[in-house]
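Atoms within a ligand are numbered from 1 in the order they appear, just like the ligands themselves.
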Amino acid sequence: MDPLEQKIKSVLEQIPFGENGTNIVEKNVVYSMAIEHNKASVVLVIPEEYKDLEGDVARKVKEGLKGLEEINSVNIDIVRSPSEVEGKGQANSANPAPPEQANYLKEYENVILVASGKGGVGKSTVAINLALALKKIGKTVSLMDADVYGPSVPIMLGLRGETIKLEGSQIKPINKYGLDCISVGNMIKEDQALIWRGPMAHQVIQNMLRDAAWPGGEYMIIDLPPGTGDVQLSLAQLTAATGAVVVCTPQDVALLDARKAIAMFDKVNIPVIGMIENMSAFVCPKCGAETPIFSKGGTERESEAQQVAFVGRVPIELDIRLGSDNGDPVVHGMPNSAAAKNFVEMAENLDKIIQGG
Ligand code: ADP
C-alpha cells in the first residue's frame, strides 16, 4: 500500500458505522475511491437499513479526506448496493443515478474557473487580462467563455462577428493575441444567448468541452456566468477543475454575493483557490491620487475570513475599460501601464499559489 493509501485508510478507519464500535472500512462501506488532480471521487455503499447514517458518514468522509494535504476536494456518491455500481440493475428509485460525470480538458495542467457572485464586477475583464498575463509570463494559455447568458469575450478580444470554424468534426478555437479561445458568442447569434435554459446551457458547455480541438497546455481559463447556476454545476460534472478564483468589488454587498459563490463551489467540490479585488480604488490619471470609490481592502479581509488566498487587486482605470471596449485588453494593448503590471503580478501570484509556493 502506498503512503497516501495508508493515510486514507487511517482516516477512514476513524469513521464509525453502526453499533459495536465498527468503522466504515471494516463494514466495507467504501466501495471505490479514485484520486485525480487532488480530487477524490468516492463511492460509498450504504444499505437501506443504514440510510439514516448516510449524511453523517458522507460529511465525515469528506472532512477527513479534505484534511489530507494531497486532497483538495471530495466528491461522494452513495449507492444502496454494489450491484448498483456494477450496472446489474436493481437501481433504487429513491437514489437516482448520479449525473453524467466526465473529465474533459485533461490536456490542460490547470483549469481555472473565473467566477463572481454577481454581474458587473469585472469578472470577464479579469479573466481575459489574467489569461493574457499568464501568457506574458511564458505560460501556454487557452480561454473558454462559458458565460452563455452574456458572453463578453468576442467584444473584449475584438472577435465580434467572427464565427467558429470546424476542423473535421471538431470546433476550432480562434487564436487571438496568442490565446486559443472559444466563446459561445462566436457560436450563436448575439441575441440568442439570453433565452437559453438550463439543459441547453449544459449542452453548449458540453460542446465546448467535448467537441473542440483544444490544443492543451499549462492553463485553461474559463470565464463563468455570474452567480451560482447551471453552468457552474455542468462544469463541476464535466471537468476536474483545478479550482475557482472569485472576483469581487470591495464593498460589502458584493462580498455577500461572493460568499454565496464560495459556498456553492464548496458544495460541488470545486476548490476555491482565492479571491481577486477588482475596482479596488480609482487612481486619478492626472495627479495619481487614489480614491477608494467602492472602498478598498474588503476582499483581502474576506479572503482571510474564508481561508482562501488573496490573489491580487486591480484599480478602476479608464485604460482598462477602454481596452475591453475596444477589443484590445490592457495587458496586450498597453503592456507598460500600471493596470497591465497589476495583472501580471496577479498571474505570477496565481501561478505561485497553484505550484504550491
Ligand atoms: P462582469 O464580467 O463581471 O459582468 P465585465 O468584465 O463585463 O464584468 O465589466 C463590466 C464593465 O466594467 C466593462 O465595461 C468593463 O470594461 C468595466 N471594468 C471592469 N473592470 C474595470 C476596471 N478595473 N476599471 C475600469 N473599468 C472596468
May I ask you to check whether [X] and [Y] show a side-chain donor-acceptor distance below 3.5 Å?
X	Y	result
Asn75	Lys62	no
Asp145	Ser183	yes
Glu345	Asn342	no
Ser124	Asp223	yes
Gln355	Asp351	yes

Give me the residue, atom name and distance of the protein heavy atom closest to [atom].
atom	value
atom 8 (O) of ligand 1	Gly122 N, 3.1 Å
atom 15 (C) of ligand 1	Thr125 OG1, 3.6 Å
atom 12 (O) of ligand 1	Met279 CE, 3.9 Å
atom 24 (N) of ligand 1	Glu317 N, 3.1 Å

N/O separation below 3.5 Å, [X] to ligand 1:
X	answer
Ser116	no
Met156	no
Lys118	no
Gly119	no

Exercise. Below 4.0 angstrom, N of the basic side chain to O of the carboxylate: do Glu348 and Lys352 qualify?
Worked result: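 Salt bridge: no.
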Exercise. What part of Arg321, side chain, backbone, both or neither, has a heavy atom within less than 4.0 angstrom of ligand 1?
Worked result: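 Contact part for Arg321 vs ligand 1: both backbone and side chain.
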For this session: Answer yes or no for Pro315: is there a heavy-atom contact with ligand 1 below 4.0 Å?
Result: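 Checking ligand 1 against Pro315, which is what was asked, there is a heavy-atom contact under 4.0 Å.
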For this session: Return yes when Pro226 approaches ligand 1 closer than 4.0 angstrom through a heavy atom, no otherwise.
Result: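 Under 4.0 Å: no for Pro226.
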Problem set entry | Ring centroid separation Tyr219 to Tyr108 under 6.0 Å |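 Tyr219 vs Tyr108: aromatic centres not under 6.0 Å.
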Counting from 1, what ligand 1 atoms have a heavy atom of [X] closer than 4.0 Å?
X	value
Lys123	1 (P), 2 (O), 3 (O), 6 (O), 8 (O)
Ser324	16 (O)
Val121	3 (O)

Problem set entry | From Ser124, Gly120, Ser280, Pro151 - option closest to atom 10 (C) of ligand 1 by heavy atom |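 Of the listed residues, Gly120 has the closest heavy atom.
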Exercise. Which option out of Ile128, Asn278, Leu322 puts a heavy atom nearest to atom 20 (N) of ligand 1?
Worked result: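 Shortest heavy-atom distance from atom 20 (N) of ligand 1: Asn278.
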Exercise. Only one of Val114, Leu113, Ile353 clears side-chain contact (heavy atoms from CB on, under 4.5 Å) with Val245; which?
Worked result: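 Output: one option passes, namely Val114.
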Problem set entry | Given Asn28, Val29, Asn23, the one that forms side-chain contact (heavy atoms from CB on, under 4.5 Å) with Val25 |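 Considering Asn28, Val29, Asn23, a side-chain contact (heavy atoms from CB on, under 4.5 Å) with Val25 is found only for Asn23.
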Exercise. Does some side-chain heavy atom of Thr299 sit less than 4.5 Å from a side-chain heavy atom of Ile276?
Worked result: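 No; the side chains remain at least 4.5 Å from each other.
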